[in-house]
Chemist: 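Okay, handing you the structure first.
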Amino acid sequence: MKTKQQTIADDSAGRPALLLEWYDRHRRRLPWRPPPGEGADPYRVWLSEIMLQQTGVKTVGPYFEKFVTRWPDVEALGRASLDDVLRMWAGLGYYSRARNLHACAVAVLRDHGGAFPDTEQGLQSLPGIGPYTAAAIAAIAFGRRTMPIDGNIERVVSRLFAVEEPLPQAKPLIQQLATTLLGASRAGDAKSRAGDANSRAGDSAQALMDLGSSICTPKKPACALCPLNGDCASLARGDQETFPRKAPKKTGALRRGAAFVVTRGDELLVRTRPEKGLLGGMTEVPTSHWLDAQDDKTALKQAPSVRGIARWHRKAGVVTHVFTHFPLQLVVHTARAAARARAPKGMRWVPLSTLKDEALPNVMRKVIAHGLGE
Ligand code: SF4
């Protein structure tokens with residue numbers, strides 16, 4: 001027996017065409033999108049998708065422009081140094097993406113002759129490309145009939161079909177329903193494939209992304225402007241905003257610690273974080289461990305030992321930062337080292353004037369600003 005959602009999907013064969021008509025009129029202009037009718041450059045699609053993984057379109061725009069100006073193709077990026085890529089990435093957050101970005105460009109150059117694989121499977125074999133990004137690149141750059149499911153598309157589809165199952169369990173069903181929204185190729189061939197210049201699979205995916213970000217918004221969706229309002233199940237019921245259904249969220253516990261801003265004249269004491277893990281390979285001032293229940297005294301005991309430091313000065317207030325899995329609160333202690341004091345093992349002095357060239361994550365920018373502030 002067919003489910004209610006399957007029946008709705010079957011009954012709405014006109015949706016893909018309505019969606020594409022709407023996209024042709026209202027598509028967002030984004031730096032990585034080619035003009036209408038032109039094929040997309042896999043390098044630009046891939047770069048934008050990696051940047052957009054945990055960051056919004058507005059923030060990504062200028063970074064994308066900077067990257068393509070400096071490295072106009074995957075070959076140029078594959079030959080760049082990881083340090084340069086990390087420096088250019090600084091401020092975008094989630095630095096493992098930058099490391100994978102570089103590793104991926106190197107792999108495309110070394111293992112694929114400088115051309116991205118054109119299948120989801122081939123793309124997923126590359127560093128930093130998971131199922132969503134592979135589907136997005138396959139559809140947008142190569143016209144594969146696949147639908148990448150991001151938060152926007154999840155919302156539109158769950159509302160359109162009134163999917164009662166909560167996320168994340170509903171993902172396979174949403175994927176199945178979203179696929180029914182893929183448009184046929186311009187030539188009318190529903191089996192559009194890689195190399196088919198007429199394929200509109202990528203446009204269908206981008207149409208849903210745009211619809212989700214501009215019309216089917218989390219709060220107060222503008223249903224009157226929606227091209228699919230003729231047969232939207234949740235609109236008919238009047239409870240659009242309650243979709244997608246979600247299981248209750250678990251947030252990580254607050255972690256606490258201390259950060260140490262040590263100056264020697266006009267130099268600052270820093271170190272490089274381990275390659276693997278959170279903020280891998282980025283620059284930071286020394287800190288204590290970041291632990292759930294840590295008091296200030298215990299954190300201060302982990303201060304670096306540097307000649308000339310008689311006492312630590314605790315700055316008023318705390319620096320807070322929210323990572324994906326936990327919020328962090330750092331107390332900042334400052335001190336002045338003796339003129340010729342050596343940096344402890346694994347640390348180094350950098351002139352304050354060249355700090356901007358260091359790959360400093362946002363949390364460290366905040367700590368340094370707080371520590372050096374009056
Ligand atoms: S009609 Fe409203 S709720 Fe339904 S898909 Fe369109 S914007 Fe979303």
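Heavy-atom basis, side chains included; hydrogens, waters and symmetry copies ignored. Counting starts at 1 for both ligands and their atoms, following the listed order. Remember, predicted model here, so these are calculated numbers, not experimental data.
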Chemist: Can you list the ligand 1 atoms lying under 4.0 Å from a non-hydrogen atom of L235?
Modeler: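 Answer for ligand 1: 1 (S).
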Chemist: For the pair R365 and E284, find out whether any cationic side-chain nitrogen is under 4.0 Å from an anionic carboxylate oxygen.
Modeler: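 Salt bridge flag = no for E284 with R365.
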Chemist: Taking only Lys NZ, Arg NE, NH1 and NH2, and the carboxylate oxygens of Asp or Glu, determine whether D239 and R159 approach each other closer than 4.0 Å.
Modeler: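 No, no charged N to carboxylate O under 4.0 Å.
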Chemist: Any salt bridge linking D210 with R33? Criterion: basic side-chain nitrogen under 4.0 Å from a carboxylate oxygen.
Modeler: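 So D210 pairs with R33 through a salt bridge.
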Chemist: One thing to verify: whether D292 and R256 come together as a salt bridge, which I'm taking to mean a side-chain N less than 4.0 angstrom from a carboxylate O.
Modeler: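 Here R256 does not pair with D292 in a salt bridge, since their nearest N and O are not under 4.0 Å apart.
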Chemist: To check your reading of the model: name the closest protein heavy atom to atom 4 (Fe) of ligand 1, its residue, and the distance in Å.
Modeler: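 For this ligand atom, the closest protein heavy atom is C232 SG, 2.4 Å.
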Chemist: Under 4.0 Å from a heavy atom of Q240: which atoms of ligand 1 are those, numbered in the order shown and with their elements?
Modeler: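 Every atom of ligand 1 under 4.0 Å from some heavy atom of Q240: 3 (S).
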Chemist: For ligand 1, which atoms sit closer than 4.0 Å to a heavy atom of N229?
Modeler: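 Atoms satisfying the 4.0 Å criterion: 1 (S).
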Chemist: Under a 3.5 Å distance rule, please check whether N229 uses its side chain to pair with a backbone N or O of C223 as donor and acceptor.
Modeler: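 Yes; judged by distance alone, with no hydrogens or angles, the pair exists.
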Chemist: Any idea which protein heavy atom is nearest atom 6 (Fe) of ligand 1, and the distance to it?
Modeler: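 Heavy-atom neighbour on the protein nearest atom 6 (Fe) of ligand 1: C226 SG, 2.4 Å.
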Chemist: Give the atom numbers and elements of ligand 1 that come within less than 4.0 Å of a heavy atom of C216.
Modeler: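 Those atoms are 3 (S), 5 (S), 7 (S), 8 (Fe).
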Chemist: Can you tell which part of L228 has a heavy atom less than 4.0 Å from ligand 1: side chain, backbone, both or neither?
Modeler: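 It is neither; nothing of L228 touches ligand 1.
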Chemist: Under a 4.0 Å heavy-atom limit, does C223 contact ligand 1 with its side chain, its backbone, both, or neither?
Modeler: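 It is both parts that get close, each with some atom under 4.0 Å.
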Chemist: Is R245 paired with E165 through a side-chain N to carboxylate O contact shorter than 4.0 Å?
Modeler: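 Here E165 does not pair with R245 in a salt bridge, since their nearest N and O are not under 4.0 Å apart.
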